[in-house]
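One structure below.
As the structure is a computational prediction, the values presented were derived from the model and not from experiment.
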Amino acid sequence: MERKTQVRAGDGHQDICITREFDLPLPLLFKAYTEPELVAQWMGMRVLTLESKPHGSWHFQTVDAHGNIVFQANGVIHTFIPDRQIIRTFEIENAPFGVQLEFLDFEALSATTSKLTMQIIYKSAELRNKMLQMPFAHGLNLAHNRLQTLLHQ
């Protein structure tokens, strides 16, 4: 299966660049990242908090069949420009990665297609490399595939 979400990571750098083109109009792609109900569906997580505004916060979690928390992440939204950009922090609770800084840029390619470019910056190249050792790229591609399927008109 083709991996449509591309992840690039230069040697010795402390960032990752992620790009994905969607067969979705820009406002719909942006909505998928800002509406709690949509985020929960395509990410497969509980959205406990998602304040899509400058200085808003977010908090997501995943639980197993017994209700035990298996993944939990949170952060603060620093910049929120509708249909254009979100800058936020991202921290996985109880994980060795520390706080990441994420720049999400949304771009219209046509009336019916759009592009997401994400730059994620880690405190060090070592922490970034630890994240890359996990099935991070595969999981993100699957989530983006769900997003595309869920919202494709």
Is a side-chain N or O of S114 found less than 3.5 angstrom from the main chain of A108, in a donor-acceptor match? no

Quick one about S124 and Q14 (side-chain donor to acceptor, distance below 3.5 Å, no hydrogens or angles considered), yes or no? no

What about F60 and F71, are their ring centers closer than 6.0 Å? no

Would you indicate whether the side-chain heavy atoms of I16 and V7 approach each other to under 4.5 Å? yes

Membership question, hydrophobic clusters at under 4.5 Å side-chain separation (ILVMFWY): are Y122 and L132 in the same one? yes

Quick one: does R128's side chain have a donor or acceptor within less than 3.5 Å of a partner on D15's backbone? yes

With clusters defined by side-chain heavy atoms of hydrophobic residues (ILVMFWY) lying less than 4.5 Å apart, directly or transitively, does L147 cluster with L140? yes

With no hydrogens and no angle check, is any side-chain donor or acceptor of Q41 less than 3.5 Å from a backbone partner on L150? no

Strictly by modelled atom types, are N94 and Q72 linked by a side-chain donor-acceptor pair under 3.5 Å? no

Establish, yes or no, whether a centroid distance under 6.0 Å links the rings of W42 and Y33. yes

Residues A32 and V39: closest non-hydrogen pair is O-CG2, 3.1 Å

Should L104 and E102 count as side-chain neighbours, where that means a heavy-atom distance under 4.5 Å? yes

Is there a side-chain contact between R3 and H138 (heavy atoms, below 4.5 Å)? yes

Would you check if E21 and L109 make a side-chain contact, meaning some heavy-atom pair closer than 4.5 Å? yes

Any side-chain heavy-atom pair of I18 and I120 under 4.5 Å: yes

Check the pair H144 / F22 against ring pair (Phe, Tyr, Trp, His ring centres under 6.0 Å), numbers first and verdict last. CA-CA 9 Å; H144 281 162; F22 293 89; 5.4 Å; yes

Can you find a heavy atom in the side chain of H78 that is under 4.5 Å from one in the side chain of T89? yes

Backbone of A137 reached by a side-chain donor or acceptor of N141 within 3.5 Å: no

Quick one about R20 and N145 (side-chain donor to acceptor, distance below 3.5 Å, no hydrogens or angles considered), yes or no? yes

Within a strict 4.5 Å, meaning less than it, do heavy atoms of the I87 and L101 side chains meet? yes

What is the minimum heavy-atom distance between E51 and I77, and which atoms define it? O-CD1, 3.2 Å

Residue of the set Q61, E93, H59 for which side chain to side chain donor-acceptor pair (under 3.5 Å) holds with N74: E93

Closest non-hydrogen atom pair, H66 against D64: N-OD1, 2.9 Å

Heavy-atom pair of closest approach, residues L151 and L28: O-CD2, 3.4 Å

Which pair of heavy atoms, one from L50 and one from E35, lies closest together, and at what distance? CD2-C, 4.2 Å

What's the shortest heavy-atom distance between W58 and R88, and which atoms? NE1-CD, 4.0 Å

I want to check something: taking the side chain as every heavy atom from C-beta on, are I121 and Q100 in contact at a cut-off of under 4.5 Å? no

